[in-house]
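What's counted below: heavy atoms across the whole structure, side chains too, no hydrogens, waters or symmetry copies. Letters go in sequence order (proteins before strands), and every chain restarts at 1.
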Number of protein chains: 2
Amino acid sequence: MMLTIGKLAGAARVKVPTIRYYEQIGLLPQPERSAGNQRLYDRAMLDRLAFIRHARDLGFPIEAIRDLLSLSDGPDQPCAAADSIAKIQLADVEARIARLVALKAELERMLAQCAGGCIADCRVIEVLGDHSLCTGEHRLQDAAPVM
Amino acid sequence: MMLTIGKLAGAARVKVPTIRYYEQIGLLPQPERSAGNQRLYDRAMLDRLAFIRHARDLGFPIEAIRDLLSLSDGPDQPCAAADSIAKIQLADVEARIARLVALKAELERMLAQCAGGCIADCRVIEVLGDHSLCTGEHRLQDAAPVM
DNA sequence: CTTGAAGCTATAGTTGCTAGAGACATTAGC
DNA sequence: GCTAATGTCTCTAGCAACTATAGCTTCAAG
């Protein structure tokens with residue numbers, strides 16, 4: 001039994017244009033078409049899309065997912081490759097968490113100092129203007145992206 | 001004493017094209033120009049750019065920074081506005097942290113189950129394919145962005 | 001006075017989608 | 001069977017927040 005794109009989108013909790021986008025970048029293969037040129041998907045396609053969605057949820061970039069998919073398409077290679085992709089992701093996630101925790105501390109400090117005065121003595125503005133007021137311990141590094 | 005764009009970039013630890021970009025989107029005012037049409041910045045501009053950079057480091061979106069800047073340009077209003085911008089930012093950061101912690105747990109679980117086998121029994125692929133294997137407690141919600 | 005670095009404008013690319021226009025297909029109600 | 005309301009099609013453009021390129025001009029050092 002075949003699904004139209006809207007049903008597939010609903011089943012995988014992905015938006016319709018996102019599916020077409022994944023097809024466009026080659027993450028999903030081109031599906032069958034109905035007589036009226038509409039895309040028709042089968043169960044395998046739903047699985048593949050669920051895989052992609054889940055990996056995206058986990059923060060994997062598209063290119064990593066492409067690698068994972070090519071691994072799972074030919075499942076007789078060693079696991080090491082999939083493993084190392086996941087390890088890289090884990091390290092990245094840990095780094096993001098560390099950075100966000102430092103950031104949270106600084107925001108809380110700002111808010112505590114502000115506590116309802118007027119802008120003339122509002123620390124939010126002041127603290128943002130002077131990086132040297134940051135606690136050295138949680139110093140945010142150069143151009144490392146927050147995400 | 002005036003700074004050329006390169007010196008300003010160095011002093012604020014922001015890249016040169018980024019400064020021109022900020023000018024283009026109206027976050028920085030158009031600076032004076034030299035006889036040869038090169039941008040010249042003063043100390044006030046450096047302060048403003050430092051403010052922007054720091055706020056970006058803290059994860060404030062550009063529009064929030066625009067609001068904060070307009071507040072600090074007229075510092076006799078109540079602090080509540082700046083305060084609430086920071087509070088929204090804090091809530092956002094906390095949400096990101098929660099999501100990333102759930103994500104980290106799942107990646108660790110995946111890696112523990114994989115532990116050097118072959119893809120035939122590699123859980124990385126399998127877990128990614130089936131969202132229902134996620135621990136219910138940390139279930140990742142719908143379309144909430146990871147970042 | 002020359003050469004190489006730094007500056008200028010303008011445009012296009014990045015990532016991962018999302019939104020719109022205008023035309024065709026399908027389905028539900030009557 | 002017919003009509004109206006969705007759903008789907010392609011194509012293009014837009015979002016954040018920059019980054020990179022091309023081809024030119026200006027400036028500072030030797």
Side-chain angles (χ1 to χ4, degrees), chain A residues 1-28 30-41 45 49 51-69 89 92 96 142-147, chain B residues 1-28 30-41 45 49 51-69 89 92 96 142-147:
Chain A
M1 129 275 199
M2 302 303 253
L3 302 168
T4 59
I5 198 168
K7 310 289 181 193
L8 180 70
R13 299 217 234 145
V14 165
K15 288 181 187 153
V16 168
T18 304
I19 295 172
R20 290 197 276 248
Y21 169 72
Y22 286 160
E23 181 184 326
Q24 191 192 313
I25 63 171
L27 213 54
L28 288 175
Q30 301 197 332
E32 292 177 59
R33 298 289 183 127
S34 72
N37 198 36
Q38 300 195 346
R39 290 169 179 82
L40 293 178
Y41 298 95
M45 209 66 135
L49 183 55
F51 179 104
I52 294 169
R53 187 203 120 107
H54 194 182
R56 289 292 301 132
D57 273 351
L58 289 173
F60 287 81
I62 295 279
E63 288 315 305
I65 295 171
R66 204 187 289 277
D67 291 347
L68 286 169
L69 282 169
Q89 282 298 315
D92 187 62
R96 288 190 209 180
D142 282 53
V146 175
M147 321 184 306
Chain B
M1 130 274 200
M2 304 302 253
L3 302 167
T4 58
I5 198 169
K7 311 290 180 192
L8 179 70
R13 298 217 233 148
V14 166
K15 288 184 188 148
V16 168
T18 303
I19 295 173
R20 291 197 275 246
Y21 169 72
Y22 286 159
E23 181 184 325
Q24 190 192 315
I25 64 170
L27 211 55
L28 288 176
Q30 302 198 331
E32 295 178 56
R33 297 289 184 126
S34 72
N37 198 37
Q38 300 195 344
R39 291 169 178 82
L40 292 178
Y41 298 95
M45 208 66 134
L49 183 55
F51 179 105
I52 295 168
R53 187 203 120 108
H54 193 185
R56 288 293 300 130
D57 273 352
L58 288 173
F60 287 81
I62 294 279
E63 288 317 304
I65 295 172
R66 205 187 290 278
D67 291 347
L68 287 170
L69 281 169
Q89 189 59 29
D92 188 63
R96 289 190 212 179
D142 281 53
V146 175
M147 323 183 307

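Contact between A/Pro31 and A/Arg39 at its shortest, heavy atoms only, is CG-CG, 3.6 Å. Across B/Arg53 and B/Ala12, no two heavy atoms sit closer than the pair CD-O, 3.0 Å.
Both A/Tyr22 and B/Ile5 lie near DNA chain C, and the one whose nearest nucleotide falls closer to the 5' end is B/Ile5. Each of A/Thr4 and B/Pro61 was matched to the nucleotide of DNA chain D holding its nearest heavy atom; the match closer to the 5' end belongs to A/Thr4. Judged by closest nucleotide on DNA chain C, B/Gly36 is the one of A/Pro17 and B/Gly36 placed further toward the 5' end.
Qualifying side-chain hydrogen bond (donor to acceptor under 3.5 Å, both in side chains) partners for A/Gln24, counting only residues two or more places apart in sequence or in other chains: none. Take A/Glu32 and apply the side-chain hydrogen bond (donor to acceptor under 3.5 Å, both in side chains) test, not counting sequence neighbours, and it matches no residue. Remark: B/Glu63 pairs with B/Arg66 by the side-chain hydrogen bond (donor to acceptor under 3.5 Å, both in side chains) rule, at least two apart or across chains.
B/Ile62 places a side-chain heavy atom less than 4.5 Å from the side chain of B/Tyr22. Two residues are said to be in side-chain contact when any heavy atoms from C-beta on lie closer than 4.5 Å; A/Ile52 and A/Leu28 meet this criterion. Between A/Leu49 and A/Tyr41 the shortest side-chain heavy-atom distance does not fall below 4.5 Å. Using a 4.5 Å heavy-atom cutoff, the side chains of B/Val16 and B/Arg20 are in contact. Residues B/Arg33 and B/Gln38 fail the side-chain proximity criterion, which asks for heavy atoms closer than 4.5 Å.
Nucleotides of DNA chain D lying under 4.0 Å from heavy atoms of chain B occupy a range whose first and last members, 5' to 3', are D/dA17 to D/dC27. Where DNA chain C meets chain B (any atom under 4.0 Å from a heavy atom), the bounding nucleotides read 5' to 3' are C/dG7 to C/dT9.
Using five terminal pairs a side, the axes of the helix from C/dC1-D/dG30 to C/dC30-D/dG1 at its two ends make an angle of 0°, given in steps of 10 degrees.
A/Arg20 comes within 4.0 angstrom of a nucleotide base, judged by non-hydrogen atoms across all strands.
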